[in-house]
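As structure tokens, the structure follows; a few thoughts come after it.
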2 protein chains.
Amino acid sequence: MRIGELSKATGVDVETIRYYEKAQLLSAPARSDNGYRTYTQAHLERLAFIRHCRALDIPLAAVQRLLTFVDSPQSDCGEIDQLIDAQLARVRARLASMHALERQLMALRGQCTGPHSAAECGILHDLVAAAHGEACVCHQN
Amino acid sequence: MRIGELSKATGVDVETIRYYEKAQLLSAPARSDNGYRTYTQAHLERLAFIRHCRALDIPLAAVQRLLTFVDSPQSDCGEIDQLIDAQLARVRARLASMHALERQLMALRGQCTGPHSAAECGILHDLVAAAHGEACVCHQN
DNA sequence: AGAATCCTTGGAGTCACTACAGGGTCAAGC
DNA sequence: GCTTGACCCTGTAGTGACTCCAAGGATTCT
């Protein structure tokens with residue numbers, strides 16, 4: 001299978017596949033006489049594994065760790081749990097701060113209703129007030 | 001005020017302040033005889049404004065647009081509204097995908113309960129199954 | 001005087017790609 | 001045989017918003 005076919009089969013961009021090879025996530029495939037990469041079914045599965053992990057927003061370094069577990073099935077799975085837990089914690093922390101952000105932006109957006117000049121804009125006023133250390137609607141609590 | 005004092009006054013890293021100057025967000029300050037940057041109160045306020053926007057996760061390019069409105073109070077504020085709306089939309093889109101992510105990771109985490117080998121690990125099993133195109137707990141729906 | 005702290009510049013590293021530039025290879029059609 | 005177009009190769013640079021470091025000069029404290 002050439003790189004274009006692998007790309008179509010997995011939906012992963014050709015450049016991204018080459019990037020994974022350089023980043024040592026995908027083993028370098030055999031080359032045909034003309035220098036083209038020739039992939040096997042094993043490569044396809046490994047790539048699908050990587051993309052599935054990435055769909056879960058797992059960093060590439062953690063994906064690499066997970067791949068070593070795929071390759072050594074006898075090892076203890078404790079670190080796998082830890083990796084997923086860490087990822088869950090990251091996602092939850094980000095989620096909480098994004099919720100706060102949404103509230104803050106909504107409060108800020110509420111400061112400006114109709115069309116008028118920047119000088120009269122409640123949003124800008126609020127952002128400038130915050131810069132003076134004064135209270136702002138978005139960071140009141 | 002020297003850069004270290006500005007840094008302490010605002011809680012912004014010295015390197016970040018220099019970065020803002022290079023990125024044209026903060027105007028280049030005067031220099032004292034020894035070449036040290038000398039900041040004014042106006043710089044401090046501008047920096048506080050930038051950081052407040054960044055706390056709302058507004059991209060630096062958008063912050064730069066906002067700063068031009070601070071400098072020209074007579075202009076129409078329509079674009080300000082648009083900027084905040086765009087930011088709110090970005091945050092909400094990210095929020096939705098992060099919620100989905102949390103659900104997926106929780107389902108995946110539920111596959112592994114006790115300590116055992118990687119070969120028996122439900123998490124790894126699920127990730128590999130997904131790589132084979134089979135159903136996985138995390139992307140069932 | 002020496003040490004610690006501060007300041008300067010410039011460049012590289014982070015993450016996970018993405019986008020070229022400048023070439024080589026191959027199959028189909030004329 | 002030649003052109004066209006799709007594919008492939010390598011290597012490098014860019015993205016955003018910093019962060020870190022090296023190598024040196026200035027200032028301040030003891």
Side-chain angles (χ1 to χ4, degrees), chain A residues 1-26 28-39 43 46-67 83 86-87 90-91 93-94 97-98 101, chain B residues 1-26 28-39 43 46-47 49-67 83 86-87 90-91 94 97-98 101:
Chain A
M1 194 180 351
R2 293 193 314 189
I3 199 167
E5 300 170 74
L6 181 61
S7 172
K8 263 192 199 116
T10 55
V12 180
D13 197 279
V14 167
E15 311 255 25
T16 304
I17 296 172
R18 283 196 282 252
Y19 169 76
Y20 285 160
E21 180 181 331
K22 198 154 60 177
Q24 314 246 45
L25 275 113
L26 218 46
R31 299 289 181 125
S32 53
D33 291 350
N34 53 21
Y36 290 7
R37 288 172 178 82
T38 311
Y39 292 97
H43 284 105
R46 210 164 176 91
L47 182 56
F49 181 94
I50 295 168
R51 291 311 283 191
H52 191 69
C53 292
R54 290 295 301 132
L56 294 168
D57 211 22
I58 296 171
L60 286 184
V63 176
Q64 207 152 22
R65 290 293 303 146
L66 287 174
L67 282 169
L83 280 174
Q87 179 59 15
R90 243 196 319 275
V91 166
R94 189 90 183 112
S97 80
M98 298 285 288
L101 211 50
Chain B
M1 191 182 351
R2 295 193 311 189
I3 200 166
E5 299 169 75
L6 180 62
S7 171
K8 263 191 199 118
T10 55
V12 181
D13 196 281
V14 167
E15 311 255 25
T16 303
I17 296 172
R18 283 197 282 253
Y19 169 76
Y20 286 159
E21 181 181 331
K22 199 154 57 177
Q24 314 246 45
L25 275 113
L26 219 46
R31 300 288 181 127
S32 55
D33 292 350
N34 53 21
Y36 290 8
R37 289 173 178 81
T38 312
Y39 293 97
H43 284 105
R46 210 163 176 92
L47 182 55
F49 181 94
I50 295 168
R51 291 311 283 190
H52 191 70
C53 291
R54 290 294 302 130
L56 294 169
D57 211 21
I58 295 170
L60 286 185
V63 175
Q64 207 151 21
R65 290 293 305 145
L66 287 174
L67 281 168
L83 279 173
Q87 179 60 14
R90 242 196 321 275
V91 166
R94 188 93 182 109
S97 79
M98 299 284 292
L101 210 52

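These numbers come from the heavy atoms of this one structure, side chains and all, not from hydrogens, waters or symmetry mates. In this text the structure is predicted, and so the values were computed from the model without any measurement. We name chains A, B, ... by the order of the sequence lines, and we start the count at 1 in each one.
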key: side-chain contact (heavy atoms from CB on, under 4.5 Å) evaluation trace for Arg37(A) with Glu21(A)   = CA-CA 11 Å; Arg37(A) 288 172 178 82; Glu21(A) 180 181 331; 2.7 Å; yes
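- Between the base of dC20(C) and the side chain of Glu15(A) there is a donor-acceptor pair shorter than 3.5 Å.
- Rounded to whole Å, the distance from OH on Tyr19(A) to C1' on dC20(C) is 18 Å.
- Residue Arg54(A) has a polar side-chain atom (N or O) positioned under 4.0 Å from OP1 or OP2 of dC17(C).
- For the pair Ile50(B)/Leu67(B), a side-chain contact is recorded, criterion being any heavy-atom separation below 4.5 Å from C-beta on.
- A straight line from CD1 of Ile58(A) to P of dC17(C) spans 13 Å, rounded to a whole angstrom.
- Counting any heavy atom pair closer than 4.0 Å across all strands shown, Lys22(B) reaches no nucleic acid atom.
- In this structure, Gln64(A) contributes its side chain and Gln24(A) its backbone to a donor-acceptor pair below 3.5 Å.
- Between the C1' atom of dA16(C) and the CD atom of Gln24(A) lies a distance of 16 Å, rounded to the nearest Å.
- Think of the region where chain A sits on DNA chain D: with heavy atoms and a 4.0 Å cut, that region ends 5' and 3' at dC7(D) to dT12(D).
- If you find the closest nucleotide of DNA chain D to Arg18(B) and to Asp57(B), the one lying nearer the 5' end belongs to Asp57(B).
- A donor-acceptor contact shorter than 3.5 Å is absent between the side chain of Arg2(A) and the backbone of Leu6(A).
- In this structure, Asp13(B) atom CG and dC6(C) atom C1' are separated by 14 Å, rounded to whole Å.
- For Thr16(A), a side-chain nitrogen or oxygen approaches OP1 or OP2 of dT18(C) to under 4.0 Å.
- Minimum interatomic distance between Arg90(A) and Pro59(A) (heavy atoms only, all atoms of both residues): NH2-CD, 3.2 Å.
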Verdict with supporting geometry, Tyr20(A) and Arg51(A), side-chain hydrogen bond (donor to acceptor under 3.5 Å, both in side chains) = CA-CA 11 Å; Tyr20(A) 285 160; Arg51(A) 291 311 283 191; 2.7 Å; yes
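- Side-chain atoms of Thr38(B) never come within 3.5 Å of backbone atoms of Arg31(B) as a donor-acceptor pair (strictly under, hydrogens ignored).
- Residues from residues 30-39 of chain A placing a heavy atom under 4.0 Å of any atom in DNA chain D, listed by number, are Arg31(A), Gly35(A), Tyr36(A), Arg37(A).
- If you check dT8(C), dC17(C), dC6(C) against the side chain of Ile3(B), the one that comes closest is dT8(C).
- Contact check for Tyr39(B) versus Ile17(B): side-chain heavy atoms found under the 4.5 Å cut-off.
- For the pair Arg51(A) and dC17(C), the criterion of a side-chain N or O lying under 4.0 Å from OP1 or OP2 is met.
- For the pair Arg54(B)/Leu60(B), a side-chain contact is recorded, criterion being any heavy-atom separation below 4.5 Å from C-beta on.
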